[in-house]
Amino acid sequence: MAPDDEPAVLELIDTDWLPGQQPAHELLTPAGESPQEAETLVVCDLHGTVAGVVRCQVRAADGARLIVWLHGREDSETIAALITLAQAHLGDRLLHACTGPATATGIPGLPTGHRPVTARALTAAGFTPASTQRYFLRDLAGAPPPPPAYPLADVTDLTEPAGWRLELTDTDGQPLASATLLAPAPATAGMAVLSQLTVQPRRRRRGIGSHLLAQCLHHAHANGAGHVTAVIPEGGTAAARLLAGAGFLLLDTLTVYRSRP
C-alpha cells in the first residue's frame with residue numbers, strides 16, 4: 001500500500017461499516033502498533049484503482065500468521081484475490097483470518113451476515129470457523145427503557161475503562177446479580193456496552209437477570225447512550241433469550257477463521 005492509496009482504502013473499510021465499529025483510520029493505524037508488526041496490501045483493477053485491501057500480520061508473541069481484516073466491496077473476484085495475496089505473503093502455514101476487531105471494544109471476527117461474499121470466499125479457500133460470537137444491539141433512542149423498578153441496584157463508578165458496576169442484593173445483603181456496563185465514549189464508538197451480567201446460580205430462573213438488565217438499560221440511557229451492545233459466545237441460548245426479551249436485536253455473527261497448510 002502506497003501513501004496515495006490511503007483515501008481509497010479508508011473508503012473501502014467504511015463501505016463495510018458495522019454499528020459499533022472503530023473508525024476506519026483507527027483500523028488502518030492501530031494505536032501502539034509498530035510498522036514492522038503488520039503490512040497492508042492492496043489489489044487494483046485494470047485502471048489502477050484500488051479495488052481491495054488486506055492487512056497481514058505475523059504476531060510477535062507466538063509467530064502466528066494473521067489475516068487481520070480484508071475489504072473489497074463484497075466483490076467475489078476481489079475478495080478471492082485478496083485471500084490469495086495474503087496466503088502468498090504469509091506463507092504455507094497455519095493461518096488465522098478476521099482476527100481484527102469488528103467492534104470498537106476489540107471483539108474480533110467477520111460479520112458474516114453483513115459480508116456473506118467474504119465468508120463464502122474464505123470457505124472456498126479452505127478456511128473453517130475457529131470461534132463464533134453473536135453481536136446484539138439495543139436501540140435506546142427509538143425505544144427508551146422504562147424507569148427502574150424496586151429493588152434498585154447499587155451503582156459504582158468504574159474507571160479505565162469508564163463505566164459502572166450494578167449490583168443487586170437480597171434483603172439480608174447477600175448478592176443476587178451483578179453487571180458491568182461500559183460508558184459511551186470514543187473507545188466504544190459512542191455506544192454503551194454490556195460487558196458482563198451474572199446471576200448467582202441459586203437465584204436463576206426468577207427474573208432477576210431481566211430485572212437487572214432493565215436497570216442497566218435505564219442507566220445507560222440516563223447517561224447519554226443511544227445504543228447498548230452486547231456480545232455472547234455461540235451457544236449462549238439463555239443469554240440470547242435474556243437479551244431478546246429486553247429488546248436487543250441480533251445484529252450479526254462474528255466469526256474468526258483458520259486454515260491449515
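A quick note: this is a predicted structure, and the numbers were derived from the prediction, not measured. No hydrogens, no waters, no symmetry mates; every other heavy atom, side chains included, goes into these values.
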Open item on the list: As an exercise, state the distance from OG1 of Thr229 to CZ of Phe248, rounded to the nearest 0.5 Å.
Closed with: 8.0 Å
- [ ] Answer yes or no: is there an ion pair linking Arg55 with Glu39, defined by an N-O contact shorter than 4.0 Å?
- [x] no
Open item on the list: Could you check whether any side-chain N or O of Arg138 sits under 3.5 Å from a backbone N or O of Ala143, counting only pairs where one atom can act as donor and the other as acceptor?
Closed with: yes
Task: Single-linkage hydrophobic cluster Leu242~Leu250, side-chain heavy atoms < 4.5 angstrom - done: yes
I'd like a table of donor-acceptor pairs (distance under 3.5 Å, sequence neighbours excluded) in which one partner is a side-chain atom from residues 166-178, with atom names and distances.
| unit_1 | atom_1 | unit_2 | atom_2 | d |
| --- | --- | --- | --- | --- |
| Glu167 | OE2 | Arg165 | NE | 3.4 |
| Asp170 | OD2 | Arg203 | NH1 | 2.9 |
| Asp170 | OD2 | Arg203 | NH2 | 2.9 |
| Asp172 | OD1 | Gln174 | N | 3.1 |
| Ser178 | OG | Arg165 | NH2 | 3.3 |
| Ser178 | OG | Gln196 | NE2 | 3.4 |

TODO: Enter the distance from Thr84:OG1 to Ile79:CD1 here, rounded to the nearest 0.5 Å.
DONE: 11.0 Å
- [ ] Spell out, yes or no, whether Leu181 and Leu213 are grouped together once hydrophobic residues are joined by side-chain heavy atoms under 4.5 Å, including indirect joins.
- [x] yes
TODO: Examine Val256 and Leu95 and state if one hydrophobic cluster contains both, with Ile, Leu, Val, Met, Phe, Trp and Tyr joined whenever side-chain heavy atoms are less than 4.5 Å apart.
DONE: no
- [ ] Kindly indicate whether the side chain of Thr49, heavy atoms from C-beta on, has any atom under 4.5 Å from the side chain of Cys44.
- [x] no
Open item on the list: Under a 3.5 Å distance rule, please check whether His211 uses its side chain to pair with a backbone N or O of Ala149 as donor and acceptor.
Closed with: yes
Task: Atom pair CG/OG1 of Leu70 and Thr118 - distance to nearest 0.5 Å - done: 5.5 Å
TODO: Keeping the roles fixed (side chain from Thr188, backbone from Ala185), state whether a donor-acceptor pair exists under 3.5 Å.
DONE: yes
TODO: Any chance you could measure Gln200, atom CD, to Ile208, atom CD1, to the nearest 0.5 Å?
DONE: 9.5 Å
Open item on the list: My understanding is that only residues two or more places apart in sequence, or in another chain, count here; which of them pass salt bridge (charged side-chain N to carboxylate O under 4.0 Å, His left out) with Glu11?
Closed with: Arg73
Open item on the list: Is there a side-chain contact (heavy atoms from CB on, under 4.5 Å) between Leu66 and Val58? Walk through the geometry before answering.
Closed with: CA-CA 6 Å; Leu66 312 177; Val58 179; over 6 Å; no
Open item on the list: Minimum heavy-atom separation for Phe127 and Gln87, please, with both atom names.
Closed with: CE1-NE2, 3.7 Å
Open item on the list: Do His71 and Thr15 have side chains that approach each other closer than 4.5 Å (heavy atoms only, starting at C-beta)?
Closed with: no
Open item on the list: side-chain contact (heavy atoms from CB on, under 4.5 Å) for Val231 and Ser195? Distances and angles first, verdict last.
Closed with: CA-CA 8 Å; Val231 175; Ser195 64; over 6 Å; no
- [ ] Looking only at non-hydrogen atoms, find the nearest pair between Gln133 and Pro108 and report the distance.
- [x] NE2-CD, 4.3 Å
- [ ] Could you pull out the closest heavy-atom pair between Pro19 and Tyr135, with the gap in Å?
- [x] O-OH, 2.7 Å
Task: Spacing of Asn223 atom CG and Leu140 atom CG [to the nearest 0.5 Å] - done: 11.0 Å
- [ ] For Gly52 and Leu82, work out which heavy atoms get closest and say how close.
- [x] C-CD2, 3.6 Å
TODO: Look at the side chain of Asp252 and the backbone N and O of Gly113, then say whether any donor-acceptor pair between them is shorter than 3.5 Å.
DONE: yes
- [ ] Please say whether more than 12 non-hydrogen atoms of neighbouring residues, nucleotides or ligands are located less than 6.0 Å from CZ in Arg93.
- [x] no
Task: Gap between atom CZ of Arg258 and atom CG of Leu122 - 0.5 Å precision - done: 14.0 Å
Task: Partners meeting salt bridge (charged side-chain N to carboxylate O under 4.0 Å, His left out) with Arg115 (sequence neighbours left out) - done: Asp16, Glu74
Task: Thr128/Thr123 under side-chain contact (heavy atoms from CB on, under 4.5 Å): CA gap, chis, key distance, verdict - done: CA-CA 6 Å; Thr128 57; Thr123 300; over 6 Å; no
Task: Joint hydrophobic cluster, Ile232 plus Leu137, side-chain heavy atoms closer than 4.5 Å - done: no
- [ ] Would you mind reporting whether Trp69 and Val53 have side-chain heavy atoms less than 4.5 Å apart?
- [x] yes
- [ ] Heavy atoms only: give me the nearest Leu217-Ala246 pair and the separation to one decimal.
- [x] CD1-O, 3.7 Å
- [ ] May I ask you to test the Val42-Val9 pair for a side-chain heavy-atom distance under 4.5 Å?
- [x] yes
- [ ] Give a yes or no on whether Tyr257 and Ile83 share a hydrophobic cluster (residues Ile, Leu, Val, Met, Phe, Trp, Tyr; joining criterion: side-chain heavy atoms under 4.5 Å apart).
- [x] yes
Task: Candidate pair Ile13 and Gln21, rule side-chain contact (heavy atoms from CB on, under 4.5 Å), full reasoning - done: CA-CA 10 Å; Ile13 296 173; Gln21 183 177 298; 4.0 Å; yes
Open item on the list: Side chains of His221 and Pro144, heavy atoms from C-beta outward: is any pair under 4.5 Å?
Closed with: yes
TODO: Please report the shortest heavy-atom distance between Pro111 and Leu18, naming the atom on each side.
DONE: CB-CD2, 4.0 Å
Task: Any Thr255 side-chain heavy atom under 4.5 Å of Cys98 side chain - done: no
Open item on the list: Can you see whether His219 engages Gln215 through a side-chain donor-acceptor pair at a distance of less than 3.5 angstrom?
Closed with: no
Open item on the list: Does any part of the side chain of Val228, heavy atoms only, come nearer than 4.5 Å to the side chain of Val193, both counted from C-beta?
Closed with: no
